[in-house]
Amino acid sequence: MCRNIHVLSNFEPAATDDEVHAAALQYVRKISGSTHPSKANAEAFDRAVHEIAHISRHLLEDLVSVAPPKNREIEAEKAKARSQKRFAA
């Protein structure tokens, strides 16, 4: 799946609407093969982003986890360390 779509569940505080929308947008871009749809496809593209964001928000609200919530700062530091290791010269 697309590397730009990040895990949004089990964070404290919960994922924002902007984060959910961004993930939906990346998903629709990936499956449509287009970052900017033509005028003829713009309505379908935008509707898909809206609907996927809506369903994703419901999914995130309904998921149950026994693990403690993740900390955004710690997860960002881990991702940065993985990136540095991956792209080290």
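Here the structure is a predicted model, which is why all the values come from computation and not from measurement.
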On a heavy-atom basis, which atom in [X] and which in [Y] lie closest, and how many Å separate them?
X	Y	answer
Asn10	Pro68	ND2-O, 3.2 Å
Ser56	Val20	CB-CG1, 3.8 Å
Leu63	Ser9	CD1-CB, 3.8 Å
Ala42	Pro37	CA-CG, 3.9 Å
Thr35	Phe45	O-CZ, 4.3 Å

Would the distance check show the side chain of [X] and the main-chain N or O of [Y] forming a donor-acceptor pair, the cut-off being under 3.5 Å?
X	Y	result
Arg72	Pro13	yes
Asn71	Glu12	no
Arg57	Thr16	yes

Open item on the list: Over 60° means perpendicular and under 30° means parallel, so tell me whether His58 and His54 are parallel, tilted or perpendicular.
Closed with: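 His58 vs His54 ring planes: perpendicular.
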To the nearest 0.5 Å, how far apart are [atom1] in [X] and [atom2] in [Y]?
X	Y	atom1	atom2	value
Ile52	Leu59	CD1	CG	12.5 Å
Lys78	Lys80	NZ	NZ	16.0 Å
Ser65	Phe11	OG	CZ	11.5 Å
Lys85	Ser83	NZ	OG	12.5 Å
Leu25	Lys30	CG	NZ	13.5 Å

Open item on the list: Measuring only between side-chain heavy atoms, which start at C-beta, is Val49 closer than 4.5 Å to His21?
Closed with: yes
Task: Within-4.5 Å side-chain heavy-atom neighbours: Glu75 and Val7 - done: no
Open item on the list: Within the supplied structure, the quantity of interest is the number of heavy atoms (other residues, nucleotides, ligands) at a distance under 6.0 Å from Glu61 CD; does it exceed 12?
Closed with: yes
